[in-house]
Amino acid sequence: MPDEVTAKELKGKLRGELIQPGDPSYDTVRKVYNGMIDRRPRLIARCANVADVITAVNFGRQNKMLVAVRGGGHNGGGLGTCDDGLVIDLSLMRGIRVDPAARTARVDGGCTWGDVDHATHAFGLATPSGIVSTTGVGGLTLGGGIGHLTRKLGLTIDNLLSVDMVLADGRFVTASAEENKDLFWAVRGGGGNFGVVTSFLLRLHPIHTDYAGPMLWPLEQTTEVMKWYREFIAKAPEDINGFFAFLIVPPGLPFPEHLHNKKMCGIVWCYTGPLERADETFKPIRRFGPPVLDLVGPLPHPALQSMFDALYPPGLQWYWRADFVNELSDDAIALHVKYGSQLPTMHSSMHLYPINGAVHRVGKRNTAFSYRDATWAEVIVGVDPDPANNGRIISWTKEYFDALHPYSAGGAYVNFMMDEGQERVKATYGENYDRLVDIKNKYDPTNLFRVNQNIRPTL
Ligand SMILES: Cc1cc2nc3c(=O)[nH]c(=O)nc-3n(C[C@H](O)[C@H](O)[C@H](O)COP(=O)(O)OP(=O)(O)OC[C@H]3O[C@@H](n4cnc5c(N)ncnc54)[C@H](O)[C@@H]3O)c2cc1C
């Protein structure tokens with residue numbers, strides 16, 4: 001552990017800030033998105049630029065500190081922070097440069113997706129990301145990246161052209177299809193295991209106005225909705241994305257009063273084909289058991305991307321469980337109905353995100369993200385503002401997960417996992433795990449970067 005003098009030396013070398021226990025901003029800066037996580041790092045290096053990141057990585061290694069890297073701080077298990085160690089906090093590094101001619105964006109490692117959508121929308125462009133705009137580009141991208149554009153454009157990593165990184169030994173490298181190819185393969189799904197990504201180069205697509213929003217059905221219709229949805233989404237045009245959700249209707253606009261606080265099921269749609277064909281495309285959807293509430297219509301892309309931000313502000317208590325799913329059998333649907341009708345709190349939910357379409361066109365071995373043949377990424381989240389309800393949200397999430405796990409594909413999306421042990425990490429990477437270990441041995445043999453879904457080196 002570094003003493004005061006050594007910490008002062010680090011402070012002197014940074015353009016950004018060094019925050020320590022006792023500093024007035026310590027309790028604000030150490031907070032992460034999940035209010036259930038309460039860690040107390042020894043040092044927080046709020047890096048202003050790549051030079052600061054190199055300094056911080058070298059400092060962490062030389063002083064044998066536990067090192068955590070923070071992007072957006074959204075990780076469910078709190079993997080953007082740690083107790084007693086050094087947090088390399090990228091949240092001041094938020095620059096973005098859009099190249100409209102090349103249709104790319106160069107995005108700094110601490111950006112959120114809201115930053116990216118804001119910058120690219122001005123040019124009528126977008127790239128696949130997640131469904132909450134305060135989520136970090138760093139963690140979401142390095143784990144894969146699933147969202148509203150997945151079926152059409154693939155995972156976020158399928159739109160990643162290169163990364164700039166600081167490695168465990170302090171070297172700065174670029175990884176792409178041409179340079180450091182093994183590293184580029186590994187960072188596309190392998191999380192923060194291989195170094196600190198200081199910038200991402202992302203491919204952009206002409207997407208400006210979606211035809212999007214939620215449709216809700218009564219909870220009693222869940223079986224019918226799920227059976228229809230599993231058939232529909234398997235063959236739907238790739239211009240349509242739709243994720244299934246259980247919810248308790250929030251008591252406020254835009255929801256009509258008679259639905260407030262009702263348990264319901266829904267699908268959040270995003271159509272990005274020609275707008276003049278949207279109504280026609282949605283006819284079969286609307287024909288199937290008309291929804292009780294239909295909020296689907298033209299929407300600027302960033303409005304969809306931030307639709308759930310107000311419902312999920314930072315600081316709520318979150319407990320996560322997840323799996324990949326190949327098939328939604330009748331038996332699995334019966335269990336979903338059982339646990340969906342027991343939603344413990346207004347913010348709790350279960351989502352089924354489709355990962356077919358464009359995701360399936362990339363081979364299982366082409367990137368570290370291994371579940372290319374799954375149909376959905378399932379996530380069960382127990383969420384509430386009040387820590388007094390933690391017992392309820394945790395037990396509901398665990399019981400729901402345990403009941404459905406036998407119907408899953410085995411592993412889970414790393415970005416939806418908490419700390420679930422090494423066997424789960426191995427199951428998630430499947431046949432790609434051994435190659436990831438080889439690359440970890442090459443680039444981080446001492447496991448400096450281990451506050452993540454860890455690929456353990458074997459040297
Ligand atoms: C409300 C909410 C909504 C979500 N929605 C989606 C969604 O729609 N789709 C989806 O795919 N995921 C979603 N997620 C999951 C999300 O992808 C993960 O929580 C992810 O880890 C968040 O990344 P972050 O940078 O914000 O997190 P952090 O907690 O900062 O970091 C998470 C992990 O990534 C590493 N990391 C972060 N940035 C870097 C970097 N620049 N270089 C190296 N390592 C880095 C960290 O070390 C850590 O191990 C959601 C999460 C929340 C809380």
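Ligands are counted one by one from 1 in listed order, and the atoms in each one are counted from 1 as well.
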Measuring from the heavy atoms of [X], does anything fall under 4.0 Å of ligand 1?
{"X": "Gly145", "result": "yes"}
{"X": "Gly147", "result": "no"}
{"X": "Phe308", "result": "no"}
{"X": "Gly195", "result": "yes"}
{"X": "Tyr33", "result": "yes"}
{"X": "Phe416", "result": "yes"}
{"X": "Phe243", "result": "no"}

Is any NZ, NE, NH1 or NH2 atom of the basic residue among [X] and [Y] found under 4.0 Å from an Asp or Glu carboxylate oxygen of the other?
{"X": "Lys13", "Y": "Asp52", "result": "no"}
{"X": "Arg230", "Y": "Glu327", "result": "no"}
{"X": "Asp323", "Y": "Arg424", "result": "yes"}

Nearest candidate to [atom], where distance is taken over non-hydrogen atoms, out of [options]:
{"atom": "atom 4 (C) of ligand 1", "options": "Val67, Val197, Thr135, Val187", "answer": "Thr135"}
{"atom": "atom 30 (O) of ligand 1", "options": "Gly80, Gly71, Ala68", "answer": "Gly71"}
{"atom": "atom 3 (C) of ligand 1", "options": "Val132, Thr141, Asn34", "answer": "Val132"}
{"atom": "atom 34 (O) of ligand 1", "options": "Gly139, Gly192, Gly72", "answer": "Gly139"}

Quick check on contacts: which atoms of ligand 1 are under 4.0 angstrom from a heavy atom of [X]?
{"X": "Val451", "result": "47 (O), 49 (O)"}
{"X": "Gly130", "result": "7 (C), 8 (O), 9 (N)"}
{"X": "Gly136", "result": "23 (O), 24 (P), 25 (O), 26 (O)"}
{"X": "Ile146", "result": "7 (C), 8 (O), 9 (N), 10 (C), 11 (O)"}
{"X": "Arg70", "result": "30 (O)"}

Which part of [X] is near ligand 1, with near meaning a heavy atom under 4.0 Å away: side chain, backbone, both or neither?
{"X": "Trp113", "result": "neither"}
{"X": "Thr156", "result": "neither"}
{"X": "Leu142", "result": "side chain"}

What do you reckon, does Ile131 have a nitrogen or oxygen under 3.5 Å from a nitrogen or oxygen of ligand 1?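 Such a contact does occur with ligand 1.
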
Please tell me whether Tyr312 and Trp318 form a close aromatic pair, meaning their ring centres lie under 6.0 Å apart.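 Between Tyr312 and Trp318, the centre distance is under 6.0 Å.
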
Over-ring placement of Arg188 relative to Phe184, 6.0 Å and 45° cut-offs: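 That pair qualifies as a cation-pi contact.
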
Could you give me the CA-CA distance, side-chain angles and deciding distance for Ser348 and Thr345, then say whether side chain to side chain donor-acceptor pair (under 3.5 Å) is met? CA-CA 5 Å; Ser348 299; Thr345 57; 2.5 Å; yes

Taking the side chain as every heavy atom from C-beta outward, state whether Leu311 and Met346 have any atom pair closer than 4.5 Å.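 Yes, close enough: below the 4.5 Å cut-off.
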
In the structure I gave you, are the side-chain heavy atoms of Tyr319 and Asn390 within less than 4.5 Å of one another anywhere?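 Tyr319 vs Asn390: side chains apart.
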
Take Arg392 and Asp386 through the salt bridge (Lys or Arg N to Asp or Glu O under 4.0 Å) test and state the conclusion after the steps. CA-CA 11 Å; Arg392 280 172 63 214; Asp386 187 353; over 6 Å; no

Suppose we measure from atom 32 (C) of ligand 1 to each protein heavy atom; which comes out shortest, and what is that distance?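 For atom 32 (C) of ligand 1, the nearest protein heavy atom comes out as Asn75 CB, 3.6 Å.
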
